[in-house]
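Chain naming here is simple, since letters A, B, ... match the order of the sequence lines and numbering starts at 1 in each. Below, all heavy atoms of this structure are taken into account, side chains as well, without hydrogens, waters or symmetry copies.
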2 protein chains.
Amino acid sequence: MEITFKAINDPTRREILVFLIGGAQNAGEIAKQFSMSKPSISHHLDLLKQGNLILAEKKGQYIIYSLNRSGFELVHAWFQGFAQYFEFPKPKIRL
Amino acid sequence: MEITFKAINDPTRREILVFLIGGAQNAGEIAKQFSMSKPSISHHLDLLKQGNLILAEKKGQYIIYSLNRSGFELVHAWFQGFAQYFEFPKPKIRL
DNA sequence: TAAATATTTAAACGAATGTCTAAATATTTA
DNA sequence: TAAATATTTAGACATTCGTTTAAATATTTA
């Protein structure tokens with residue numbers, strides 16, 4: 001959980017996730033989207049993978065990345081408690 | 001947006017948010033929940049406030065904190081793109 | 001008004017983070 | 001097999017982050 005939220009925290013990593021909504025891509029194509037060195041992107045991809053937000057599949061000399069449902073499910077589950085709160089707010093404590 | 005994700009990134013701050021699902025509380029009561037100094041909690045509360053995840057209302061010498069819908073709406077909106085990608089079941093409640 | 005209570009602000013500091021360049025690993029192609 | 005391509009790993013470095021103690025601000029109570 002900790003590592004998943006951490007992965008989502010960085011703006012570049014969030015952009016990578018949004019980019020992958022368009023479909024799976026190899027590391028080079030992902031890196032092209034950003035004005036940042038390939039090693040930096042590689043590092044971000046590693047963190048996203050650790051957070052179960054993306055999957056990596058080796059295909060020849062390429063590594064193809066795609067969104068991973070598992071990390072998003074975790075975040076979604078955490079959010080449910082708040083969704084319920086805003087629908088059924090508990091009375092606030094008066095001090 | 002950046003500051004909202006940053007606010008959610010820290011585990012103590014997420015615990016504070018979950019604690020506030022139980023209802024609004026003043027800073028002292030919130031601090032009691034954690035084995036951490038009051039200034040640290042105060043700092044966390046400030047970041048949560050900056051991220052529009054909580055509201056602060058001064059009541060005499062106390063400051064009462066409560067969940068703020070606005071920050072959660074922002075994160076939820078970001079999340080929607082992925083929910084659609086994975087076809088998550090739609091919540092009855094629209095955040 | 002003085003003391004007690006509630007909370008924040010300030011300053012300091014080690015740990016974690018994001019970035020870079022250079023080097024290493026793996027695969028494909030000539 | 002050697003060169004080219006794709007990607008990661010390693011090491012370094014400045015910045016940001018989370019924490020603490022001490023001091024400041026605001027409010028209530030005696």
Rounded off to whole Å, could you give me the [atom1]-to-[atom2] distance for the [X] and [N] pair?
X: A:Q25; N: D:dT7; atom1: CD; atom2: P; value: 11 Å
X: A:K49; N: D:dT7; atom1: NZ; atom2: P; value: 13 Å
X: A:R14; N: C:dT17; atom1: CZ; atom2: C1'; value: 15 Å
X: A:I8; N: C:dT17; atom1: CD1; atom2: P; value: 15 Å
X: B:I30; N: C:dT7; atom1: CD1; atom2: P; value: 9 Å
X: A:I41; N: C:dC20; atom1: CD1; atom2: P; value: 8 Å
X: A:Q50; N: C:dT17; atom1: CD; atom2: P; value: 10 Å
X: B:K38; N: C:dA6; atom1: NZ; atom2: P; value: 6 Å

Indicate, with a heavy-atom threshold strictly under 4.0 Å, whether [X] touches base, sugar-phosphate, or nothing.
X: B:F34; result: nothing
X: B:H44; result: sugar-phosphate
X: B:D46; result: nothing

Side-chain N or O of [X] versus OP1/OP2 of [N]: is the shortest distance under 4.0 Å?
X: A:S37; N: C:dT19; result: no
X: A:Y65; N: D:dA6; result: no
X: A:K6; N: C:dT17; result: yes
X: A:N26; N: D:dT7; result: yes
X: B:S42; N: C:dT7; result: no

Return the 5'-most residue of the pair A:G60, A:T12 with respect to DNA chain C, ranking by each residue's nearest nucleotide.
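Nearest-nucleotide comparison on DNA chain C picks A:T12.
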Residue closer to the 5' end of DNA chain C, A:Y62 versus A:L47 (nearest nucleotide):
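Upstream on the strand: A:L47.
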Could you give the distance from [atom1] ([X]) to [atom2] ([Y]), rounded to the nearest 0.5 Å?
X: A:L48; Y: A:L53; atom1: CG; atom2: CG; value: 6.0 Å
X: B:N68; Y: B:L55; atom1: CG; atom2: CG; value: 4.0 Å
X: A:F86; Y: B:H76; atom1: CZ; atom2: NE2; value: 11.5 Å

Please work out which of the three classes, parallel, tilted or perpendicular, describes the rings of B:F79 and A:F79, given edges at 30° and 60°.
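A:F79 vs B:F79 ring planes: parallel.
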Watson-Crick or G-U counterpart of C:dT28, or none if no pair lies under 3.5 Å:
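Partner of C:dT28: D:dA3.
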Using purine N1 to pyrimidine N3 plus N6-O4 or O6-N4 for Watson-Crick, or N1-O2 and O6-N3 for G-U wobble, each under 3.5 Å, what pairs with C:dA10?
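Partner of C:dA10: D:dT21.
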Considering non-hydrogen atoms only, spot the tightest contact between B:L20 and A:Y85 and give its length.
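Looking at all heavy atoms of both residues, the closest pair is O-CE1, 3.9 Å.
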In terms of side-chain heavy atoms of [X], which of [options] is nearest?
X: A:Q61; options: D:dT19, C:dT27, D:dT8; answer: C:dT27
X: B:D10; options: C:dT21, D:dT20, D:dG18; answer: D:dG18
X: B:P39; options: D:dA6, D:dA26, D:dA22; answer: D:dA22
X: B:R13; options: C:dT19, D:dT19, D:dG18; answer: D:dG18

Could you check A:N9 against A:G28 and say which one's nearest nucleotide on DNA chain D is further toward the 5' end?
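Closest to the 5' end, via its nearest nucleotide, is A:G28.
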Using a strict cut-off of less than 4.0 Å between a Lys/Arg side-chain nitrogen and an Asp/Glu carboxylate oxygen, indicate whether A:R69 and B:E87 qualify as a salt bridge.
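Looking at B:E87 together with A:R69, the answer is no, because their closest N to O distance does not fall below 4.0 Å.
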